[in-house]
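Notes follow once the structure below has been shown.
Chain letters run A, B, ... following the sequence lines, proteins first, then strands; residues in each count from 1. Quick note: numbers below take in every heavy atom, side chains included, and nothing from hydrogens, waters or symmetry partners.
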Amino acid sequence: MGVSLSKAAQWTTFSPDASKLKSTPTNEALLKEILTFVEQIGSQHPQEADFTFEAPLQWRTTVVTSDLKSDYHIRDSTAWSHETDSREAPPLLTPFTVRVRSLGQLSMLIQAAEDKKLEEVQACLEGNRDFLVKILGPRIASQLLEDGAYADVESLKEDVKDEASEIKARLVALRLFCCPSLKSESLMLVEMDFLQFCSEGDDRLLKSVRYTSDFEFWNGCRAPPWRQAQGEICYVVIESVDTGSLNVTCCTAGVFLNGVGGPGALFISNSRKEFILNSAAGVTLWLLLFHTYIMYIHSVTCRLRDCCSFRKTSSKATLAELSSETSSESEEEEERPEHQPESDFYLSSEFLQIKKLVKYLKKGDQKVTLLMLCCMLDLDLTQDSCNLAIRDEGGLQFLLNLLDTNEDKCKIGALKILIRMSRCVPIQRSMEDMLGVRSLVNNLDSEVTKVKALAAETIANVANFPRARRTVRQSGGIEKLIKLLDCFLKSQKKSDHLENMEAARCGALALWSCSRSTKNKKAICSAGGIPLLGCLLTSSLESMLIPVVGTLQECASEESSRITIQSKDIIKNLVKNLRSNCTDLQIQCSMALFKCAEDTETRDLVRKYKGLKPLVELLNNTNNKELLAAATGAIWKCSISIENVLIFQNDKVLESLAGLLTAQPEEVLINVAGALTEFLQVPANKAVIRKCDGIKPMIQLLLSTNQALLVNVTKAISACATDRENMKIIDELDGISLLWSLLQNPNPEVQASAAWAICPCIGNSKDAMRTVLSFQGFGRIPDLLMSTNNEVLASICAVIAKLAKYKNILATLTDLGIVSLLTKLTNTVRKLRHHLSDAICHCCQFANNTAAFGEAGAVEPLVRYMKSEDILVRQSATMALFQLSWDPNNNLTMLSRGAVKVSCV
Amino acid sequence: MSSSANKKAIQALAETISKKVEHFNKKEVECLIWRFNALLEAQKHSDGSVSGLDRNQFKVVLHNLFEMTDDFIMDRVFRIFDKDNDGFVTVEEWIQGLSVHFWGTLDEQKRYCFHMYDLKGSGFITRDDIFLLLKDSFHLRLEEEGREDDYQDEQDEINELMEIVLKKMDHDKDGRLSFQDFEKSVKKEELLLEAFGSCLPNFRKKFEQQVLEKQQDE
């Protein structure tokens, strides 16, 4: 531990004899890897082995002619290879120097070195740091390095005529093949493996290597789709031992260290794993990999030197923080590296214009500044490259500085530009870095209403990521934004009305953005924002309503906010807006109801204000999936109250929902399944779902991989299965096996709800016995009995109680040792006592399980259960004790523990 | 003059003036007259009896009340207020000027500003006008010796700046700004109303508090 990077990378730094490679475990492992390839090359890839290098690789060697075998012409201490036809060719081996012209030669020579193979490989790398140029020739190599990945393969082929070049072209083509297709899932894997390899062991260089996002798209990329279009694949955060973290962008053009340009930035080439492992071209790439790895270390060292001074004090703390950060933390942020503008942008007239404008912006007095601000508004600020250029020219900082002045007109101009710039993600981060968010918040107090409005709108854009949201909160922005709402509601004067309304609208927009952080939700609630938002709901302006409802909706995930929402009659207005013509508004309203209707009172209020009918009407919008998901969600939560279900059924909602079980996105399916579960609590509906063919699609959904969906679907099936007719259909579709297989799911919630669903299935199925026996999957039950999740334990106990009715199964279960497992559970949590006693009761039916339970000590806790206040627990405990009493020893225990006394009471 | 008679005279004057101006009511006009008289009082110490505010006093007023700082622009404002070009702003000119130019509608303000920047009264804002209006913005050091190169550089910069401005505002591409050009630009971006120097009150509220409301209390 703690080996400093500079030591590890002795390649470049301290020794004057710069090109020496230090022997560290990492380096050694790399050398070994390379050696293995070189050794095998002749036998495995004869054709590639013949390929002649553009210039020989040359290094000082310890191999002498006597080591060589018969394949060489040897004269004195000089040797020529057989392969070289012409005698004029320079000798392969002269004393202490070797020149290798092909991979085959390299392989043979290394083999001749016998026990000094590693040293030879090392010497080879040290002597040929520009090996890529030597192997491929300067033109192709530079193309590879500067990444001509987009260079046309065909044109390259036209250029090259002889055979050697063709192989070269193939090398390049192979490489090119890997690059443009974003579809190759394993594209970045090898780099990750390699980097992770560097982060292992005591002598490691890297602290950790991780993707910025856990989510992987279907094509294996982790970058968001719009960045994928730019060729980006994923973003990796590499934490080295000494420096902080480095952000790396992997894209089709190579791997880049963010913020560093030039060929040094490309430090690991793209390649497939199998490509590296199985082809001769892989060797070259391995070398390239290694070479660029060294360059990477070099750049790390440079950075280290740069940041050493100020990092030293803080590095330990920040690194510890960084590594402990998990993606689940709400305030955690996802660093998204930015894309540098394409190089030809710097030649465009637009860039020159920006340069000019920013120059005069900074140079002139306020008159000129104002003029320049107006001119800047004509720029195409939707383009990232424009925005980045403004920032890099120092314009962004200047604009933010203007916010701290007293020049209201300049402020307005600057804010108008900032609003547009702040839609660009990297700019948002830069603004926060430049302390712009604080300045914006300060301007919320301005005397000029327009400045307030513009500042709020900019905050709405910038608060797109957690760090900015935190700053807004910490600098008191939430209170100020709420004050904007208050100002509008209190403003009487007609002349100010429109301006104040605009400010309130922007304030609501900003609050909406901010409310995505949990702490901000609480801040909005405690600053009294909810009632004000409620008042604004009476507005008829859509542009006002959407952010207001959006904020309410976000805040509704906090319980304290929900109570306020209920008491303030906000539900009434939410229901009213469900009938709006604006789909976005409808979505936000439905989502708000979805979250609020967790509480019984709210569900009653929705019914009272006749909100159920409009929700049902929203189900007709089958094209807008977002709306559909929100509406089904609201219906789900509302239907938790059985009165609501009855009203819903007047409109035949169950039938509509059943129709939504197929060909819908998962967000919709989850909500539909949830709603069905609630609907099916009404016995009459069990027949309805059968009649409208809803069971089959539900069973099919059991094959899904979305855990939330699985939980809801199993619950719905569980509700279905209590009906015998339904059970017939489930049996036909082999539903029980599908449910059983879900017990293997790693998510305890899925396990539990699957187990609960299995119970009624076994109870109501005619040939459950046969089905269950065919599973052979009982091995899972003892595992699940050791689960730490109480719900899982309870559900499995219930399943065991059902299964124990079948003698054969009970025998198997007994063999698996469930007696002792069940007994162990008797001394744990309250929750599962009912089902546990039930399971014990049923398990007693087999052989000498009764005695076994007694020996394991199950009797005593069961006697205690008799004192429980829960009648169900008392009942099942009594039943269990009755079964146990067949064994005389158990009776003794019962007597001694006072069971008789308890039962008499 | 006794204070009650003074008051009466002012009320009478306010009555007549308020009929001529649009944006003030009688009460406000009265306040403005009070203010004007107070300002005139302050000026009398240096001068004998005059009919109105002279250029310097007027500029001080502009600076104190409206926080204007640009000397060049303040001169222009004086010229426009002083309709009869006699070097003094009378009480009537004072109120009319404030009314139309500071409290006017956007249309009135557009005309006012255009008039302000049209230095020669040619009906156009020409290149020369823009040059004069912007030349101070770079703190030209014309007088300093041995700064010939710097001077040339700054000259070039102003020219470049002028090109940028004309490109933005000269819609008919005739190399000068007509009122139509100006109006169109302002319509697109209201901030351009005061493109070549701030000549409208920044703090109307402050002015209202200081002059109109405060005087009403008295």
Side-chain angles (χ1 to χ4, degrees), chain A residues 349-381 395 399 402 405-420 446-454 487 491 493 495-496 498-500 502, chain B residues 66-73 103 105 113 116-117 125 130-140 153-154 156-171 177 182 185-209:
Chain A
S349 63
E350 209 162 7
F351 176 69
L352 294 176
Q353 175 78 354
I354 288 173
K355 228 177 147 162
K356 256 194 261 172
L357 290 177
V358 173
K359 179 177 143 199
Y360 292 120
L361 182 72
K362 291 200 248 180
K363 202 165 184 183
D365 65 353
Q366 56 151 342
K367 219 187 310 184
V368 175
T369 300
L370 189 66
L371 266 174
M372 291 303 110
L373 289 173
C374 294
C375 291
M376 280 175 83
L377 281 168
D378 289 345
L379 294 170
D380 181 7
L381 295 174
L399 291 173
L402 279 178
T405 64
N406 287 327
E407 296 297 332
D408 283 316
K409 291 199 191 80
C410 290
K411 268 191 202 174
I412 291 174
L415 283 167
K416 278 182 176 175
I417 297 171
L418 286 172
I419 284 179
R420 299 203 209 160
S446 166
E447 286 172 28
V448 183
T449 322
K450 186 147 193 190
V451 173
K452 286 195 246 182
L454 292 170
C487 268
S491 76
K493 266 198 250 169
S495 59
D496 293 353
L498 276 178
E499 266 195 334
N500 279 327
E502 175 64 12
Chain B
F66 303 118
E67 303 195 1
M68 282 191 181
T69 46
D70 191 331
D71 202 51
F72 190 85
I73 291 292
W103 265 261
T105 60
C113 288
M116 179 83 66
Y117 304 137
I125 304 176
I130 298 178
F131 179 82
L132 286 170
L133 285 161
L134 294 185
K135 79 171 178 3
D136 292 338
S137 300
F138 288 110
H139 316 292
L140 279 187
D153 282 352
E154 282 165 24
D156 288 348
E157 280 181 348
I158 291 191
N159 283 333
E160 194 179 38
L161 185 66
M162 219 143 69
E163 289 312 316
I164 297 175
V165 172
L166 280 176
K167 199 178 157 197
K168 170 144 182 82
M169 298 179 72
D170 182 17
H171 296 279
L177 301 182
F182 187 72
S185 304
V186 174
K187 200 175 171 189
K188 205 175 151 202
E189 178 49 63
E190 220 174 286
L191 288 173
L192 284 174
L193 186 61
E194 295 175 80
F196 303 108
S198 168
C199 49
L200 294 170
N202 264 332
F203 299 101
R204 195 182 290 178
K205 257 196 192 131
K206 190 175 160 193
F207 181 79
E208 278 174 7
Q209 278 166 7

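- Between C375(A) and I164(B) the shortest heavy-atom distance is SG-CG2, 3.8 Å.
- Heavy atoms closer than 4.5 Å to chain B are found in the side chain of L377(A), but not in its backbone.
- Each of D378(A), T369(A), I412(A), L357(A) has some count of heavy-atom pairs under 4.5 Å with chain B, and the biggest count is that of D378(A).
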Quiz item: Can you list the steps and then say if L371(A) with L192(B) is a side-chain contact (heavy atoms from CB on, under 4.5 Å)?
Solution: CA-CA 7 Å; L371(A) 266 174; L192(B) 284 174; 4.1 Å; yes
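- Contact record, G413(A) with L191(B): CA-CD1, 3.3 Å, taken as the closest heavy-atom pair.
- With chain A as the partner, the residue from E189(B), K168(B), K167(B), K188(B) showing the most heavy-atom pairs under 4.5 Å is K168(B).
- No more than 12 heavy atoms of other residues, nucleotides or ligands shown are found within 6.0 angstrom of CD on E190(B).
- With respect to E194(B) and K367(A), no salt bridge is recorded, no charged nitrogen being found less than 4.0 Å from a carboxylate O.
- Within the model, atoms CG of L134(B) and OH of Y360(A) stand 11.5 Å from one another, a figure rounded to the nearest 0.5 Å.
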